[in-house]
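To start, the structure itself, in structure tokens.
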Amino acid sequence: MQTSSSFGLRQLGTRGFVFSLLLAATVTALTGCSQKPSDAYPVSGTVLFKGRPLPRGILQMRPDSSRGNSGPAIMFDVVQGKYETTSIEQNYHRGGAYKVTIHGFDGIPQPGKEMPLGERIFSDYSTSVMLPNEAASEIDFEIKK
């Protein structure tokens with residue numbers, strides 16, 4: 001007999017994983033504040049995969065508490081290699097060190113397989129970034145594998 005605690009992400013699969021990320025983004029957007037905090041800044045940039053814009057993806061930034069940063073995580077939808085803060089998403093940063101995870105997809109939706117962003121084209125890519133205490137544009141990432 002399998003307990004609910006042993007039902008992990010590996011059994012959830014790609015469809016469940018993508019659904020969970022989209023659900024989290026929706027909940028965040030619906031429960032977010034209507035105005036940006038005064039100590040928060042927009043962020044934008046590009047994501048390249050093998051030298052070309054990533055067709056579709058999800059970019060997550062989590063404050064790196066081991067380097068003294070705290071606060072909410074932020075998440076972006078990557079479309080044709082671009083991501084940016086929008087007033088709807090409330091994805092503002094507060095500066096400092098962030099851990100970054102990027103999930104990449106081919107951008108060809110397959111609704112019958114419950115894959116709205118398409119097939120995965122690489123394993124999750126992780127890196128880190130130091131954001132300034134001001135608006136941050138051209139925060140770019142390149143995945144070469």
*Restricting to pairs with a member in residues 57-73, which pass salt bridge (Lys or Arg N to Asp or Glu O under 4.0 Å), not counting sequence neighbours?*
none
*Roughly how far, to the nearest 0.5 Å, is the CD atom of Glu119 from the CD atom of Gln110?*
4.5 Å
*Least distance between heavy atoms, Pro116 atom then Pro109 atom*: O-CB, 3.5 Å
*So do the side chains of Ser126 and Ile102 get within less than 4.5 Å of each other, counting heavy atoms only?*
no
_Working to the nearest 0.5 angstrom, can you tell me the gap between Lys99 NZ and Asn69 CG?_
11.0 Å
*Set of side chain to side chain donor-acceptor pair (under 3.5 Å) partners for Asp106, sequence neighbours left out*: none
*Output the distance between atom NE2 (His93) and atom CG (Leu131), rounded to the nearest 0.5 Å.*
5.0 Å
*Apply the side-chain contact (heavy atoms from CB on, under 4.5 Å) test between Leu59 and each candidate in Ile74, Val78, Val43, Thr101; give the one that qualifies.*
Val78
*Which value, rounded to the nearest 0.5 Å, describes the distance between Met75 atom CE and Tyr83 atom OH?*
14.5 Å
*Of all heavy-atom pairs between Phe105 and Ile58, which one has the smallest distance, and what is that distance?*
CE1-CD1, 4.5 Å
_Test ring pair (Phe, Tyr, Trp, His ring centres under 6.0 Å) applied to Phe49 - qualifying residues, sequence neighbours left out_ = Phe122
*When you check the side-chain N and O atoms of Asp140 and Thr46, is any donor under 3.5 Å from an acceptor?*
yes
*Results of side chain to side chain contact (heavy atoms under 4.5 Å, CB included) for Leu48 - residues two or more places apart only*: Pro53, Glu142
*Going by the salt bridge (Lys or Arg N to Asp or Glu O under 4.0 Å) test, which pairs reach into residues 43-61, not counting sequence neighbours?*
Arg56-Asp77
*Name all residues meeting the ring pair (Phe, Tyr, Trp, His ring centres under 6.0 Å) criterion together with Tyr98; count only those two or more places apart in sequence or in a different chain, and write none if there are none.*
none
*Under the side chain to side chain contact (heavy atoms under 4.5 Å, CB included) rule, collect the residues that match up with Pro72, sequence neighbours excluded.*
Arg94
_Applying side chain to side chain donor-acceptor pair (under 3.5 Å), can you list everything that pairs with Ser44, at least two apart in sequence or on another chain?_
none
_With rounding to the nearest 0.5 angstrom, report the CZ to NZ distance, Phe76 to Lys82._
14.5 Å
*With the 4.5 Å side-chain cut-off for hydrophobic clustering, are Val79 and Val100 part of the same group?*
no
